[in-house]
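First up is the structure itself, then whatever we jot down about it.
When a ligand or atom number is given, it counts from 1 through the structure's own listing order. The basis for the numbers below is simple: all heavy atoms, side chains too, and nothing from hydrogens, waters or symmetry mates. Everything numeric in this text was worked out from a predicted model, so none of it was measured.
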Amino acid sequence: TGLSRPQRMLKAVQKNATKGDPQSVIAAIDYYCRHKEWAMNVGDDKGPILDSVVSEVNPSTALELGTYCGYSTVRIARLLSPGSKLITVEFNPAYAAVARQIIAHAGLQNKVTLVEGGSGDLIPKIKEQFGITSFDFVFLDHWKDRYLPDIKLLEDCGLLKKGSVLLADNVICPGTPEYLEYVRNSPRYKSQYFQSYLEYTKAEDGLEKSVFLG
Ligand SMILES: CCCNc1ncnc2c1ncn2[C@@H]1O[C@H](/C=C/CNC(=O)c2cc(-c3ccc(F)cc3)cc(O)c2O)[C@@H](O)[C@H]1O
Ligand SMILES: [Mg+2]
């Protein structure tokens, strides 16, 4: 049945982006998804908001839940300071295989650890497996009904510290109502909504930034 959508996206990157140039990888994916076929990357409307939060936090340790094809992985990793690490988790092996190649095309494989598996299984093992005591930054972009259970798991595993920043995609579309209610009403978080657009469309969507207060 031919190539999958992620595989077609990878081919577009390999054809149109310069190896070792993250910006050209980002541009090639955005062009492909805007003009050829839509895909659920954070995209070029919300992307600059992601960039500004990552730059502001300048995380030494970062976690991404839901790699998909690695678009936001590249956006985040390209901004990390030397010695900083991004762990990204993806449980679909086919998507993980595409993401590895896209991350490598951008030349960012040394800043990124892609873990194949479910976030719920990985999070409790992060301290022992990676020697990480806490995350400065977490980007949530996986199944929308898993945002809330996973941040509760991060809390319970002691992986958040005072000042840790969570940034959640799609809080309007498709929407993450339980997550939003929690982070906006919990005394343990200070939340802020960044209005934007659903990737490659005119529909409203946005990112929710939540600072853990300890
Ligand atoms: C065990 C399940 C929870 N843990 C998990 N651990 C690791 N990876 C997980 C994962 N859940 C899902 N994933 C992976 O994340 C990705 C899933 C992302 C889900 N995202 C969306 O549904 C989404 C959907 C839209 C969307 C919006 C409007 C529309 F009309 C159609 C789609 C837009 C987005 O920006 C989205 O992010 C996949 O690669 C999946 O394999
Ligand atoms: Mg998303």
- Would you please determine whether Pro174 falls within less than 4.0 Å of ligand 1 on a heavy-atom basis? yes
- For atom 41 (O) of ligand 1, the protein heavy atom that lies nearest, with its residue and separation: Glu90 OE2, 2.5 Å
- Query: Between Lys85 and Thr113, do the side chains contain an N or O donor and an N or O acceptor separated by less than 3.5 Å?
  - Reply: yes
- Nearby protein N/O/S atoms (those under 2.8 Å) for the Mg ion (ligand 2), with water ignored: Asp141 OD1, Asp169 OD2, Asn170 OD1
- Message: With respect to Cys173, determine whether any N or O atom, backbone or side chain, lies less than 3.5 Å from an N or O atom of ligand 1.
- Response: no
- Would you mind telling me if ligand 1 is within reach of the side chain of Phe91, the backbone, both or neither, using heavy atoms under 4.0 Å? both
- Please find out if less than 6.0 Å separates the ring center of His142 from that of Tyr147. yes
- Query: Cationic tip of Lys152 within the cone over Tyr182's six-membered ring, i.e. under 6.0 Å and within 45° of the normal?
  - Reply: yes
- Quick check, are the ring centers of Phe91 and Trp143 under 6.0 angstrom apart? yes
- Using the test ring-ring contact (aromatic ring centres under 6.0 Å, His included), find all partners of Phe135 that sit at least two apart in sequence or belong to another chain. none
- Identify the closest protein heavy atom to atom 19 (C) of ligand 1: which residue and atom is it, and at what distance? His142 O, 3.4 Å
- One finds that the ligand 1 atoms under 4.0 Å from a non-hydrogen atom of Glu199 are 33 (C), 34 (C), 35 (O)
- Message: Between ligand 1 and Thr67, is the shortest N or O to N or O distance under 3.5 Å?
- Response: no
- Kindly compute the distance separating CG (Asp205) from CG (Asp45), expressed to the nearest 0.5 Å. 10.0 Å
- Which ligand 1 atoms does Gly118 reach within 4.0 Å, using its non-hydrogen atoms? 6 (N)
- Are side-chain heavy atoms of Lys11 and Asn16 found at a separation under 4.5 Å? no
- Message: What's the separation between atom NZ in Lys111 and atom CG in Leu79, rounded to the nearest 0.5 Å?
- Response: 9.5 Å
- To atom 15 (O) of ligand 1, the nearest of Pro6, Gly175, Gly66 on a heavy-atom basis is Gly66
- Atoms of ligand 1 under 4.0 Å from any heavy atom of Asn92, numbered from 1 in the order shown, are 41 (O)
- Item | Trp38 near ligand 1 by a heavy-atom separation under 4.0 Å | yes
- Are Arg184 and Tyr193 in a cation-pi contact, defined as NZ or CZ under 6.0 Å from the six-membered ring centre and within 45° of the axis? yes
- Message: Tell me whether the rings of His35 and Tyr31 are parallel (<30°), tilted (30 to 60°) or perpendicular (>60°).
- Response: tilted
- Asp141 to ligand 1: N or O pair under 3.5 Å? yes
- Query: In ligand 1, which numbered atoms sit nearer than 4.0 Å to a non-hydrogen atom of Tyr68?
  - Reply: 39 (O)
- Which atoms of ligand 1 have any heavy atom of Ser119 under 4.0 Å away? 3 (C), 4 (N), 5 (C), 6 (N), 7 (C)
- Message: Rounded to the nearest 0.5 Å, what separates atom CD1 in Ile103 from atom CZ in Arg100?
- Response: 7.5 Å
- Heavy-atom nearest neighbour in the protein, as seen from atom 30 (F) of ligand 1, with distance rounded to 0.1 Å: Leu198 CD2, 4.9 Å
- Message: Regarding Glu204 and Tyr197, do their side chains bring together a donor and an acceptor under 3.5 Å, going by distance alone?
- Response: no
- Task: Under 4.0 Å from a heavy atom of Gly117: give me the atoms of ligand 1 that qualify, with their elements.
- Result: 6 (N), 7 (C)
- Which distance, rounded to the nearest 0.5 Å, do you find between the SG of Cys69 and the CE of Met40? 7.5 Å
- Near Asn170, which atoms of ligand 1 are under 4.0 Å from a heavy atom of that residue? 33 (C), 34 (C), 35 (O), 36 (C), 37 (O)
- Note on the structure: In Asp44, Asp51, Asn41, the residue satisfying side chain to side chain donor-acceptor pair (under 3.5 Å) with Arg75 is Asp51
- Note on the structure: Check: of Glu116, Arg146, Lys144, min heavy-atom distance to atom 21 (C) of ligand 1 comes from Lys144
- Are a donor atom and an acceptor atom from the side chains of Tyr179 and Asp145 found within less than 3.5 Å of each other? no
- If you count the atoms of ligand 1 from 1 in the order shown, which ones are under 4.0 Å from a heavy atom of Asp169? 35 (O)
